[in-house]
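Okay, so here's the structure we're looking at.
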Amino acid sequence: MENQTTVAKFILLGISSDPQLQVFLFLVFLVIYVITLLGNMLIMLVIKVDPHLQSPMHFFLSHLSFVDICYSSTIVPKMLENFLAEKKTISADGCITQMFFIILSSGAEIFTLAAMAYDRYAAICDPLHYMETMKKRLCQLVVGAWTMGFIDALVNTIPLLRLHFCGPSEINHFTCELPSLLVLSCTETFTNGVVLLSSIAIFGSSSFLLTLVSYIHIIATILRIHSMEGRRKAFSTCSSHLLIVILYFGTGSFRYVRPSSASSEVLDMLVSIQYSILTPMLNPIIYSLKNKEVKRAVVTMLKKTYVSHVT
């Protein structure tokens with residue numbers, strides 16, 4: 001990297017420069033990170049040990065929890081360190097590496113959500129062949145999600161390595177997201193902008209369209225169910241997933257797709273916090289509250305753990 005940039009380190013300005021507020025923010029985001037880790041690990045553990053949670057849907061939910069841990073751990077530990085550090089720096093190599101893994105994790109997340117939408121489509125629209133269909137495609141969908149995330153990260157990282165950073169070195173963000181890095185380049189970033197928009201159009205839109213098409217078929221099938229109880233039961237199996245899709249795609253698209261004229265540094269930061277930090281924390285909570293099987297398994301495990309400690 002030395003022959004490609006004169007800036008050896010970047011400074012992450014973060015959310016606030018107020019020392020007292022930074023201590024408070026450290027505690028807030030530490031609690032969020034601990035809840036994220038414990039909640040997602042609990043979901044993974046419950047699905048692993050409970051014999052009633054061995055369906056493809058729960059396999060995808062467990063994998064989503066793993067992706068959320070990876071995503072959050074790419075961002076939050078460095079963020080917590082900077083809250084307490086006097087010099088809030090990150091090396092140029094470290095910044096680009098963090099950006100790579102942010103794109104990798106977010107890419108794996110959106111395609112995992114698309115795979116979960118397909119799983120709900122197969123369960124509701126073709127229930128007789130559901131298990132047979134998903135057993136054939138389970139590993140393909142998971143590997144495909146990570147492969148798409150890796151390609152997305154690679155095609156955005158390689159053009160970034162050719163840029164020249166000669167100052168300023170201050171990133172007005174709490175993490176090394178690609179848009180925040182591009183504005184610091186001393187060389188032309190038109191190609192990088194085209195690659196970024198193209199990757200959003202190809203990877204983001206394709207995962208969103210796969211999810212959308214699945215839900216169009218799901219809704220059409222649910223509307224053909226005559227009983228209200230049948231409709232409610234069918235919709236309840238995908239309502240938690242639909243809520244997570246809206247949270248993630250809504251905030252993510254707002255960050256990357258809206259025109260630059262509508263840009264706001266404070267708003268960008270709040271939106272980034274929502275989809276990269278809060279959503280991984282909320283996912284296990286949403287599934288625990290809205291999915292009766294997962295909720296039952298979590299309550300049962302916590303009761304057993306409590307009883308074993310008391311006795």
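In what follows, residues are counted from 1 in the order of the sequence shown.
Within a 6.0 Å radius of OH in Y130, more than 12 heavy atoms belonging to other residues, nucleotides or ligands are found.
Side-chain atoms of K88 come within 3.5 Å of backbone atoms of N82 as a donor-acceptor pair (strictly under, hydrogens ignored). Between the side chain of T237 and the backbone N or O of A234, at least one donor-acceptor pair lies under 3.5 Å. Checked by atom type and distance alone, the side chain of D119 never pairs as donor or acceptor with a backbone atom of A115 at under 3.5 Å. Listed for the S106 side chain is a donor-acceptor partner under 3.5 Å among the backbone atoms of I103. Side-chain atoms of T187 come within 3.5 Å of backbone atoms of H164 as a donor-acceptor pair (strictly under, hydrogens ignored). When atom types are taken as modelled, the side chain of S227 and the backbone of G230 share a donor-acceptor pair closer than 3.5 angstrom. Between the side chain of S199 and the backbone N or O of L196 there is at least one donor-acceptor pair closer than 3.5 Å.
Transitive grouping of hydrophobic side chains (ILVMFWY, heavy atoms separated by less than 4.5 Å) brings V76 and L27 into a common cluster. Residues V298 and L38 fall within the same hydrophobic cluster, defined by Ile, Leu, Val, Met, Phe, Trp and Tyr side chains chained together at heavy-atom separations under 4.5 Å. Hydrophobic clustering, with ILVMFWY side chains joined whenever heavy atoms are under 4.5 angstrom apart, groups I246 together with I110. Taken together through direct or relayed side-chain contacts under 4.5 Å among Ile, Leu, Val, Met, Phe, Trp and Tyr, I219 and L242 form parts of separate hydrophobic clusters. Hydrophobic clustering (side-chain heavy atoms under 4.5 Å, transitive across Ile, Leu, Val, Met, Phe, Trp, Tyr) keeps I277 apart from L13.
Ion pairing between E229 and K233 fails under the 4.0 Å rule for side-chain N and carboxylate O.
For the side-chain contact (heavy atoms from CB on, under 4.5 Å) test with I69, the passing option among L64, T74, N40 is N40; the others fail.
Sorted by first and then second residue, the salt bridge (charged side-chain N to carboxylate O under 4.0 Å, His left out) pairs involving residues 33-53 (not counting sequence neighbours) are D50-R296. Applying the ring pair (Phe, Tyr, Trp, His ring centres under 6.0 Å) test to pairs two or more places apart or on separate chains, those with a residue in residues 186-224 are Y121-H217, F208-F249, Y215-H241. Pairs passing the ring pair (Phe, Tyr, Trp, His ring centres under 6.0 Å) check and including a residue from residues 12-45, sequence neighbours excluded, read F29-F83.
Legend: residues meeting side chain to side chain donor-acceptor pair (under 3.5 Å) with T279, ordered by chain and number and at least two apart, are Q274. In this view, Q140 and R137 satisfy the side chain to side chain contact (heavy atoms under 4.5 Å, CB included) rule, not counting sequence neighbours. When the side chain to side chain donor-acceptor pair (under 3.5 Å) test is applied to R231, no partner is found at least two apart in sequence or on another chain.
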Check your understanding: Can you check side chain to side chain contact (heavy atoms under 4.5 Å, CB included) on L141 and T112, steps first, answer last?
Key -> CA-CA 8 Å; L141 291 169; T112 298; over 6 Å; no
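The CD atom of E109 sits 6.0 Å away from the CG atom of N283 when rounded to the nearest 0.5 Å.
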